[in-house]
Amino acid sequence: MLPAKYRSVLVFFATFWFYASFSHGSGFRHSTILDPHGKYHLKWRFDRRTITFEIEVETRGYVGFGLSPNGAMALSDIVIGGVTDGRPYLQDYFADAKRKVQRDVQQNYRLEYGRENNTHTVLAFSRDLLTCDTNDKDITESTVRVIWAYHSEDVGPSGPMYHGVNRGRKSMRLLDPGSKPNITSGTDFFNLQSINVPVPYKDTTYWCQMFKIQEVQQKHHVTRIEPLIQRGHENLVHHILLYQCDSNLNESELNASHECYHPNMPDSFLTCETIVFAWAIGGEGFTYPPHVGLSIGTAIDPVYVLMEVHYDNPALQQGVVDSSGLRLFYTPELRQYDAGVIETGVWVSLYHMLPPGMQEYVSEGHCTRECLQESLGQEMPSGVRVFAVLMHAHLAGRAIRTRHFREQEELQPLSHDEEFDFNFQEFQLLKEERLLLPGDNLITECKYTTKGRQNMTWGGLTTRDEMCLSYLLYYPRVNLARCESLPEINGQLKFIGVKEIQVPVTTWPFMIKSPKKYSNLSFTEAMDKYRWSKKRGKSFNEMVLQLPINVRCSRWGQEEWSIQGMLVSPPEVKSEVKPPSMVCRSTSEPHSGVVLLFTLCLTYSIVQACFSL
């Protein structure tokens, strides 16, 4: 038995702990709203082994939270809980392939606390990042599809009632949540915003508009860029790119807008080659690190920019008018470095092709040693530092890695997402900045699934076409805009038996001359005519990865480095590494539940019982 003076001290700390633990949002660094009406709030924190969530939902019934492989109910990892008669409850469930919800034999979610008032229910719970349970979903740095639901009634003896329309999904990176706004109140900003764009009645549209950057009397730094997406158009606006244009343009073309890549678009659009910024669906904006900013106001900075908005309209909605764009926050308080952007990966072209019916197909886009040696060797021999990466693909994309090599030895990936989601793409700050040196090389590796498709998938602009790109944010800024590659076409044609093409080439796609079965077909038609199988698709993939590659190595504007257009062999790799992985713990190993048992002893009602054992 403890002396009285020690018991009183213990009771004091027990009381303090009790109220501190139940204080609203205590210790949670990250938060988001999961539903469009602001009724479902999620907070979380994590360390190397565990993650803790707090959910606050506008209901007095049960609340559900889950992790899904694809955003649907089937095969999801689910936890359901609530508060009944003042007592919180929590159960670990999973959904089978037929979406039937079943209680998990291995209960890996641990209730931390719960409470409710007249309108809301609050639950906090934790789990290990990796649980060794096949019915649980591992939580990694890759994209996670969070699913949520709630009901006005608590869970009854027969289990949870169907939630109806009170459900949804949201993709996020729980262990890599991205940059925080960190913008001082009153910071100046300007908008680049299209007004009343009539979205065409077709599947995919790229709409371009010319703007003049905010005029400043001296150099300023843009410190944050965030999307201005018209309410209700969150699934219509797929991505926005901002390009720097020729600084000597005629101002009469300002605010001119037209469909991009169209024969009748203004000639001035063709001068806009250098990417300044990229945003994609799901992203919530990007804040530059405190020592880096996007420079405006100097002779080499953007004066005119072209904003390219990609509208994805697979339902062929008619009469849609959009006014979306970007907001740029800027300050005269200069940072140490000017930021730049390099586009790396596969050069967007029909020469990038994916056979149908493939469970997995891998494409590689090379930022070659030759390009980085020439460009960085002249511009910045000491190298540049990459601080953020946006990885970009379309609907067939399943996983992307931006791999980094030095002297044929692979370093840890710059970035990776093993569960890529087309509907969630944003710049991710690196945990540690990465030095990129002259002579290094990068490979953007994209894994696709074309299962269910009957024809070839082509490199192109629509969301049914494919891309494989990584946008690198780095400093200090150098004159390098694109560092990409494309597999040589002759080897791809030879694989399907093409012997000769029609010359001179007068049409695009060009035409096949022989053999007879492909005669007078375009090369795209010939590729579609070929009888693909899984085995042939795999052999084609292996062959393409060994083909010589065409190098794209471009400066700002329309200028090129001398290596541009050269044909080189893919780099030899002496050693490879895989993305960092975590090892799950055995269920018999002690975890934070032991700590929870101890902390329960701190509640006043059982202090004596615990310490009199």
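Heads up: numbering here begins at 1 and tracks the sequence.
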Engineer: With a 4.0 Å cut-off, would you call Arg401 and Glu364 a salt bridge?
Structural biologist: no
Engineer: Let me know which of Val237, Leu461, Thr204 forms a side-chain contact (heavy atoms from CB on, under 4.5 Å) with His310.
Structural biologist: Thr204
Engineer: Are His233 and Tyr311 close enough that their ring centers fall under 6.0 Å?
Structural biologist: no
Engineer: How far apart are the C-alpha atoms of Asn191 and Leu326, what are their side-chain angles, what is the distance that settles it, and do they pass the side chain to side chain contact (heavy atoms under 4.5 Å, CB included) test?
Structural biologist: CA-CA 6 Å; Asn191 296 338; Leu326 298 171; over 6 Å; no
Engineer: Determine, stepwise, if the pair Tyr448 / Glu466 fulfils side chain to side chain contact (heavy atoms under 4.5 Å, CB included).
Structural biologist: CA-CA 9 Å; Tyr448 303 99; Glu466 268 310 327; 3.2 Å; yes
Engineer: With side chain to side chain donor-acceptor pair (under 3.5 Å) as the test, pick out the partner of Arg127 among Thr50, Asn108, Asp77.
Structural biologist: Asp77
Engineer: Is the closest side-chain donor-acceptor distance between Glu58 and Tyr150 under 3.5 Å?
Structural biologist: no
Engineer: Can you tell whether the side chains of Glu360 and Lys451 come within less than 4.0 Å, N to carboxylate O?
Structural biologist: no
Engineer: Would you say the ring centers of Phe422 and Phe420 fall short of 6.0 Å from each other?
Structural biologist: no
Engineer: Side chains of Asp312 and Thr463: is there a donor and an acceptor less than 3.5 Å apart?
Structural biologist: yes
Engineer: About how many Å separate OG1 of Thr59 and NE2 of His163, when rounded to the nearest 0.5 Å?
Structural biologist: 13.0 Å
Engineer: Do the side chains of Leu242 and Ile275 get nearer than 4.5 Å, heavy atoms only?
Structural biologist: no
Engineer: Identify the heavy atoms of Ala97 and Leu75 that sit nearest to each other, and give their distance.
Structural biologist: N-CD2, 3.7 Å
Engineer: Is any NZ, NE, NH1 or NH2 atom of the basic residue among Arg103 and Asp92 found under 4.0 Å from an Asp or Glu carboxylate oxygen of the other?
Structural biologist: no
Engineer: Check the pair Tyr471 / Phe277 against ring-ring contact (aromatic ring centres under 6.0 Å, His included), numbers first and verdict last.
Structural biologist: CA-CA 9 Å; Tyr471 294 98; Phe277 186 74; 9.6 Å; no
Engineer: Please tell me whether Thr450 and Thr457 have a donor and an acceptor in their side chains that are separated by less than 3.5 angstrom.
Structural biologist: no
Engineer: Does the side chain of Glu141 come within less than 4.5 Å of Leu175's, by heavy atoms?
Structural biologist: yes
Engineer: Hey, does Lys170 have a side-chain heavy atom less than 4.5 Å from the side chain of Ile147?
Structural biologist: no
Engineer: Just verifying a value: how many Å separate Phe286 CZ and Thr223 OG1, rounded to the nearest 0.5 Å?
Structural biologist: 11.0 Å
Engineer: Could you pull out the closest heavy-atom pair between Ser68 and Ser76, with the gap in Å?
Structural biologist: CB-OG, 3.3 Å
Engineer: Could you please spell out the steps behind the side chain to side chain contact (heavy atoms under 4.5 Å, CB included) verdict for Leu414 and Leu436?
Structural biologist: CA-CA 10 Å; Leu414 275 174; Leu436 188 61; 5.8 Å; no
Engineer: Going by the ring-ring contact (aromatic ring centres under 6.0 Å, His included) test, name the single residue among Phe125, Tyr113, Trp44 that passes it with Phe53.
Structural biologist: Phe125
Engineer: Going by the rule side chain to side chain contact (heavy atoms under 4.5 Å, CB included), which residues pair with Glu576 if we only count those two or more places apart in sequence or in a different chain?
Structural biologist: Arg403, Glu410, Val573
Engineer: Within the 3.5 Å criterion, strictly below it, is a donor on Ser171 or Arg169 matched to an acceptor on the partner's side chain?
Structural biologist: yes
Engineer: Got Gln428 and Arg173 here, is their nearest side-chain heavy-atom distance under 4.5 Å?
Structural biologist: yes
Engineer: First locate atom CG of Leu129, then atom CD1 of Ile139, and finally report the distance between them rounded to the nearest 0.5 Å.
Structural biologist: 6.0 Å
Engineer: Hey, mind stepping through Ser324 and Asp322 against side chain to side chain donor-acceptor pair (under 3.5 Å) and telling me if it holds?
Structural biologist: CA-CA 6 Å; Ser324 297; Asp322 181 67; 2.9 Å; yes
Engineer: Can you name the residues that form a side chain to side chain contact (heavy atoms under 4.5 Å, CB included) with Thr344, not counting sequence neighbours?
Structural biologist: Ile342, Cys367, Leu442, Thr444, Ser470, Leu472, Cys483
Engineer: Would you call Val79 and Leu90 a side-chain contact if the rule is heavy atoms closer than 4.5 Å?
Structural biologist: yes
Engineer: Between Tyr89 and Asp154, is the side chain to side chain donor-acceptor pair (under 3.5 Å) condition met? List the steps.
Structural biologist: CA-CA 10 Å; Tyr89 63 91; Asp154 279 298; 2.7 Å; yes
Engineer: Looking at every non-hydrogen atom in both residues, tell me the closest pair between Pro69 and Lys137 and how far apart they are.
Structural biologist: CA-CE, 3.7 Å
Engineer: Can we say Glu432 and Arg434 salt-bridge, meaning some charged N sits less than 4.0 Å from an Asp/Glu carboxylate O?
Structural biologist: no
Engineer: According to ring pair (Phe, Tyr, Trp, His ring centres under 6.0 Å), who are the partners of His392, at least two apart in sequence or on a separate chain?
Structural biologist: His239, His394
Engineer: Does the side chain of Tyr361 come within less than 4.5 Å of Thr449's, by heavy atoms?
Structural biologist: no
Engineer: Got a sec, which residues hit side chain to side chain contact (heavy atoms under 4.5 Å, CB included) with Arg385, two or more places apart in sequence or on another chain?
Structural biologist: Glu433, Leu435, Tyr475
Engineer: Side chain to side chain contact (heavy atoms under 4.5 Å, CB included) for Ile55 and Tyr40? Distances and angles first, verdict last.
Structural biologist: CA-CA 7 Å; Ile55 52 179; Tyr40 199 122; 3.6 Å; yes
Engineer: Inspect the contact between Arg110 and Asp128 and indicate whether a charged nitrogen and a carboxylate oxygen are less than 4.0 angstrom apart.
Structural biologist: yes
Engineer: Which residue is it: Leu42, Thr143, Asp421? I am looking for the one with a side-chain contact (heavy atoms from CB on, under 4.5 Å) to Met172.
Structural biologist: Leu42
Engineer: Quick one: are Phe28 and Thr52 in side-chain contact, heavy atoms under 4.5 Å?
Structural biologist: yes
Engineer: Which atom names give the shortest non-hydrogen contact between Gly82 and Thr121, and what distance separates them?
Structural biologist: CA-CG2, 4.4 Å
Engineer: Does Lys447 have any salt bridge (Lys or Arg N to Asp or Glu O under 4.0 Å) partners at least two apart in sequence or in another chain, and if so, which?
Structural biologist: none
Engineer: Let me confirm one number: the NE2-CZ distance from His151 to Arg60, rounded to the nearest 0.5 Å.
Structural biologist: 15.0 Å
Engineer: What pair of heavy atoms forms the shortest contact from Leu429 to Asp176, and how long is it?
Structural biologist: O-OD1, 4.1 Å
Engineer: Run Glu112 and Ser126 through side chain to side chain donor-acceptor pair (under 3.5 Å) and show every step you take.
Structural biologist: CA-CA 7 Å; Glu112 301 291 339; Ser126 62; 2.6 Å; yes
Engineer: Evaluate the side-chain proximity of Arg167 to Tyr162: yes if any heavy-atom separation is below 4.5 Å, no if none is.
Structural biologist: yes
Engineer: I'd like to know if the side chain of Gln102 pairs up with that of Asp96 as donor and acceptor (distance under 3.5 Å, no hydrogens or angles considered).
Structural biologist: yes
Engineer: Can you name the nearest heavy-atom pair linking Ala278 to Phe427, along with the distance?
Structural biologist: O-CE1, 3.2 Å
Engineer: Applying side chain to side chain contact (heavy atoms under 4.5 Å, CB included), name anything that partners Pro160, two or more places apart in sequence or on another chain.
Structural biologist: Tyr62, Ile80, Tyr93, Val155
Engineer: In sequence, state the C-alpha distance, the side-chain angles, and the governing distance for Ser363 and His352, and then conclude on side chain to side chain donor-acceptor pair (under 3.5 Å).
Structural biologist: CA-CA 8 Å; Ser363 293; His352 178 209; 2.8 Å; yes
